[in-house]
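So that the names make sense, note that chain A is the first sequence line, chain B the second, and so on, each numbered from 1.
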Amino acid sequence: MAPSDHRRPYKRPAISDQQRRRDHSLLRQAQNRLDAQQRARCLASSILSLENPETDSVPDLDSTTGQEQSEVPPKEFDVRQASKLRGVEARRWFARQLMLPEWMIDVPDRLSRDWYVFARPAGKRCFVVSSNGATVSRLRNGSILHRFPSALPSGSRSRDASGTSQSYSIMDCIFHEPDQTYYVIDILCWRGYSLYDCSAEFRFFWLNSKLAESGACGPPSQYHRYRFSLIPVYNCDHNGLSAAYMGAVPYVKDGLLFYNKEAKYQTGNTPLALVWKDENCSQYVIDTDNQGNIPIQQQEHKISIDCLSKERDKMRSIYLPNSDILSLYIWNANRMKWVVLELQDDGKLNTSDDPPVAFGCLDSDFVHKSGLHSGNLLRFSIGDNGLSFMEERLDKADLCYIGKSNRARAFADSYSKIVFQHMVRHSPLKMDDFLSSITSSDDQENQLNDIEMTG
Amino acid sequence: MAMEVTQILLNAQAVDGAVRKHAEENLKQFQEQNLSSFLLSLAGELANEEKPAESRKLAGLILKNALDAKEQNRKYELVQRWLALDGSVKVQIKTFLLKTLSSPGIDARSTASQVIAKVAGVELPQKQWHELIGTLLSNIHQLPAHSKQATLETLGYICEEVSPDVVDQDHVNKILTAVVQGMNSSETNNEVRLAATRALYNALGFTQVNFSNDMERDYIMRVVCEATLSPEVKIRQAAFECLVAISSTYYEKLAPYIKDIFDITAKAVKEDEEPVALQAMEFWSSICDEEIDILEEYGGDFSADSEIPCFYFIKQALPVLVPMLLETLLKQGEDQDQDEGAWNIAMAGGTCLGLVARTVGDDIIQLVMPFVEFNITKHDWRQREAATYAFGSILEGPSPEKLVPLVKVALQFMLAALMKDPNNHVKDTTAWTIGRMFEFLHGSTLDTSVITPSNCQEIITVLLHSMKDVPNVAEKACGALYFLAQGYADMGPSASPLTPYFQDILKTLYDVTRREDAGESRLLTAAYETLNEVVRCSTDETAPMVIQLLPLILRELHLSLESQKFSSDERDKQNELQGLLCGCLQVIIQKLGSSEATKQVFLQLADQMMSLFLRVFGSKSATAHEEAMLAIGALAYAAGSSFEKYMPEFYRYLEMGLQNFEDYQVCAITVGVVGDLCRALEDKVSPYCDGIMTHLLKDLSSNQLHRSVKPPIFSCFGDIALAIGEIFEKYLVYVMPMIQTAAELSVHTSGGDDDMSEYTNSLRNGILEGYSGIFQGFKGSSKTQLLMPYAHRILQFLDNLYMEKDMDDQAMKTAIGVLGDLADTLGSGAATLIQNSVSSKEFLSECLSSDDSMLKESAEWANMTISRAISF
């Protein structure tokens, strides 16, 4: 029963700095734990891994689903690991992370029911990552376009973005120079939550609800250097297609993108996203180089001089499926754009598809003399004989070697791109083809409906 | 034998250390040989009027210590030991104790009172010794004064010792009647009256029922108020202590008495001796505490359903209360700022004024400002100091709109005073006031700050100048700079207004830490704390200067570790310094580690840092260990996998930390560092995991370890599993049953008080984080099937938690995450279990529609993994 001491603190701060340090540490550790958890959650699930049959207790597991799953490239998507990569490695790594639409070389079935369409903005396709108080955009080849603060989650060190949060968000964007805006075409990760395995339908829904909420669509400010913008996405019916094709948008159009509604985000080439262009909705129908420039006469001329060297007889190859026979043709300048293919150990020239399509084969002697190595990206022009198809499959390609590809280039061309480019020059797929495909299927559905209604 | 005990007890208090030690050993032996007879002879010694006062008192104290200990486990053991004693021995001991209450020796009586209360503390909750209170009260009126005093004192101690629910209301009424009668002015013996007044102080927790009865309450209040007028100073002081206790326990019952209480407290504050005046003042501080709590809780809106209404006593008393308080400010002690232990009426008055300002806000300004203006320029330092202290005290509470214009003017004046005033006390208070201006009226949350580009340079110049002043002034100047820097901490990456002065600030603070007299007035601590805050708000531009600071701090730590200190006082100071240096290094590591560029630079010094930290563990100081451990955690986080090379050497200190039950803070921090190591080293931590896991499991099963360390240990299991993946397999058989047991307990231990439910939720959260980490750690391995047997219980745990409806936000978020992790890792194999759980339905859908975006996102994720698990 000692007298109680009612002494109160006098001229002292209420919280000791030591307690602050302790609290900071606990906060940091809790945040790090959360991040580690979220990273773990972003890793691909093992449920369907085929090496692990005991978990696959469902006997009638759809084999095609399983196969599809095994073909998906590893999605061990750790941005912070990747950010430690430098130079070529970094570019390679990032280059593999984008979903690359195939070029539309024929009209998919059920276009109006299963697909979305939207007008692709002209500009640089890139990959925007916000984490740890900064936002970085990387081009398709992995090189950095901008490093900037943004209103995306953890995208700046502003007060309310809670600097401690290191969760990250990843978006697939096109940077549109004229209005300095990032147009978001897809979302991969939001606040550390992976959306890779979600359908396009869900991803677009998520994107629409989350992006505006984050404030990233607002005008630029000190903590938000570039505006982000959503793109109107339409169901690929008659109206949607017309709206995407002809509707006014605040950006310069560069073709139309078609996304299958059920498709997951699959890195690399995928037939479930398609790109199509014509001269009405793109100024770049004929393929451009990396800077968006159309290859000009002078360059080709220069190349043609290179190619008139004494080696020229060996510089032509002809593609014959399953054949190692090389035959060389005279390269005809001024005829067509080039294609980029990747040289293999055995001299084969492959596209970037998975599995790759071989477009030809180089003589090993030539490979040595030219100082070429497996993995080099090489440029070829398509010769007079062009590409010939048999039963809708490539039968023969007339290729002429030009030289090594631009160093910034990370990939060979895809099969669909080469074929699309070829078609554009010979028998292009037209808007009318889509519309008629839709109309015919609509007619069928309407007929069905009519029958039901009368019945 | 009895003779022998007396001598041993006297020897145990001998001046000669050897004699003392021998006697202590004898006592210990005796106790170990025969506890009953040992305790009985102690009680007999205490009760024996023939024995010397010294041996009787010590006998009583040893008896008391045989019944109670500070440490919870030890206490439990002692209680069990007493309860197991032979009944007749206990009866004999108790008889001796009660008999001693009527001893003429005051020490023997008082010691017996305390021992009786301890026995009551053990036995009453067990429904034993029920007759105690009846026995004490049976003939209290016939007792001689000294016995009556001892009996009342005993009742007071009993009320302090036992919780109200073990004393029935009938006994409470009897105790209260006896106590209030003893307090009454008709009681002529001051010792009796004092004992009664102090007993009432302890009994107030028992008197809820009596305070609800108007007549009884009126009577108690009248007696207490009368006692404040007693001629005996101790009785007046004790009576005011009762009023203070009543103000917080029965705030809502005070309205009818507040006017009278104001009159008697005002009189006491003005005229009475300081100990009494301080208690009288404390009554008003305590009322402020109550009203601040109430107003904070209800946001100022008194609504019908709030539990305790605010009676606005302070607001009503304001016109008389404030002048009373201001008057006390002029009664400063001569050197109170140099004296750490000082507490006088002026200090209490200013403190109370600060609380009043927080209670009433803007209303205080017009009442205080005339006093400030009148006194601030006077020749007498007391007037200048009082004016400054008054102004500084009211800076928290009123609105910035009202304060900023005043403070802008005052700041200029105070900066000049800090440079020029001849009196140290005035300068001390001035620097403190400037610090308060920055604490409350500067920072990114305010529209206008009192610091502007035009006065920033002057402020910093003056503060840096004052850091060379006498230690107590320099300490306050450091404090002011601390808040100045803190206000800029949230500015973001843009250029900081501090940048031009950054180098000067660092240099001056570093110089302060090296002052010969830095040990006085807490200056050393203040200088390092301010240095830390300045480092925290460094920017990309100023980071190079922080980098330059690093080797200097390392050198200080090195020097301190090298120097030999012999006296324990010097060693304490050395340990304190090492703790501060490690703290500073921790802040530097965190700051420089947050940007890739600076991280690479400072990591070049990692070897050196690490070897110094490890040497700090050589000291005995828990604080220094704690700080070094925190710094190592920060270093591991920054260094990532390259921290591996330090593990062989560091590991034994890690083990040491995990086994430090006594300084549980060190243990808790070490557990956190294990998490840091897991994230930094990932699977490279696995060679150390056998040892770490063993210690963690031991920690969990220990009764001695403070409970607050246990939740983080469960989270730590998750960290380890996440880092080493399927290697965790070998620990599953130990870990899972332990988590499961804790999980089941954590579902049902809720429903206690706020502390308990907060603890329960933190335990749940730890458990859930543990589960999350384990599931995610096994994901993708071939061993996921090993987790399948636990799935059912885990889902049941989630269901139970959900149905208890008392999870906090954090636990809820983690819980729904575990549901997702389970589905993610176990997939289709657990589909049926998941579909049968409540969690996957009601709980999930509740979370999906939550307004909390984080919770919603966790739920959306769980939803995704579940639908995936179910669809295949």
Turns out that what part of B:S113 lies under 4.5 Å from chain A's heavy atoms comes down to neither
Counting heavy-atom pairs under 4.5 Å to chain A, which of B:G817, B:G350, B:G675 comes out on top?
B:G817
Contact class of B:M864 relative to chain A, heavy atoms under 4.5 angstrom:
side chain
One option among B:E857, B:E533, B:E860, B:M788 has the most heavy-atom pairs under 4.5 Å with chain A, and it is B:E857
Contacting moiety of B:D289, where chain A heavy atoms sit under 4.5 Å
side chain
Which bit of B:S393 comes within less than 4.5 Å of chain A, counting heavy atoms only: side chain, backbone, both or neither?
neither
Engaged part of B:E769 at the chain A interface, taking heavy atoms whose separation is under 4.5 Å:
both
Please classify the contact of B:Q586 with chain A as side chain, backbone, both or neither, using a heavy-atom distance under 4.5 Å.
side chain
What's the verdict on side-chain contact (heavy atoms from CB on, under 4.5 Å) for A:C217 and A:L211, showing C-alpha distance, side-chain angles and the deciding distance?
CA-CA 7 Å; A:C217 299; A:L211 192 70; 3.8 Å; yes
Rounded at 0.5 Å granularity, tell me how far NZ in A:K261 sits from CG in A:L272.
14.0 Å
Can the ring centres of A:Y259 and A:Y116 be said to be less than 6.0 Å apart?
no
Could you tell me whether B:E626 and A:R21 have a side-chain N and a carboxylate O separated by less than 4.0 Å?
no
Donor-acceptor side-chain pairing of B:Q776 and B:T825 below 3.5 angstrom:
no
Max heavy-atom pair count under 4.5 Å with chain A, selected residue of B:M854, B:K234, B:M347
B:M347
Given B:S285, B:G479, B:G773, the one with more heavy-atom pairs under 4.5 angstrom with chain A than any other is B:S285
Taking the six-membered ring where the residue is Trp, are the ring centres of B:F240 and B:F283 under 6.0 Å apart?
no
Name the region of B:K476, side chain, backbone, both or neither, that has any atom closer than 4.5 Å to a heavy atom of chain A.
side chain
At a heavy-atom separation under 4.5 Å, does B:R436 approach chain A through its side chain, its backbone, both, or neither?
neither
Tell me, out of B:D821, B:V587, B:T530, B:T351, who's got the most heavy-atom pairs with chain A below 4.5 Å.
B:D821
Region of B:F775 in contact with chain A, defined by heavy-atom distances below 4.5 Å:
neither
Check the angle between the aromatic planes of A:Y182 and A:F148 and answer parallel, tilted or perpendicular using the 30° and 60° thresholds.
parallel
Quick one: do B:D428 and B:N472 satisfy side chain to side chain donor-acceptor pair (under 3.5 Å)? Show the steps, please.
CA-CA 6 Å; B:D428 181 299; B:N472 60 307; 2.9 Å; yes
If you tally heavy-atom pairs under 4.5 Å between each of A:R22, A:H24, A:E213 and chain B, the highest tally belongs to A:R22
Do you know which of B:T623, B:T814, B:T525, B:T429 has the most heavy-atom pairs under 4.5 Å to chain A?
B:T429
Treating A:S130 as the side-chain partner and A:P153 as the backbone partner, does any N or O pair qualify as donor plus acceptor under 3.5 Å?
yes
Would A:Y265 and A:D172 count as having a side-chain donor-acceptor pair, cut-off 3.5 Å?
yes
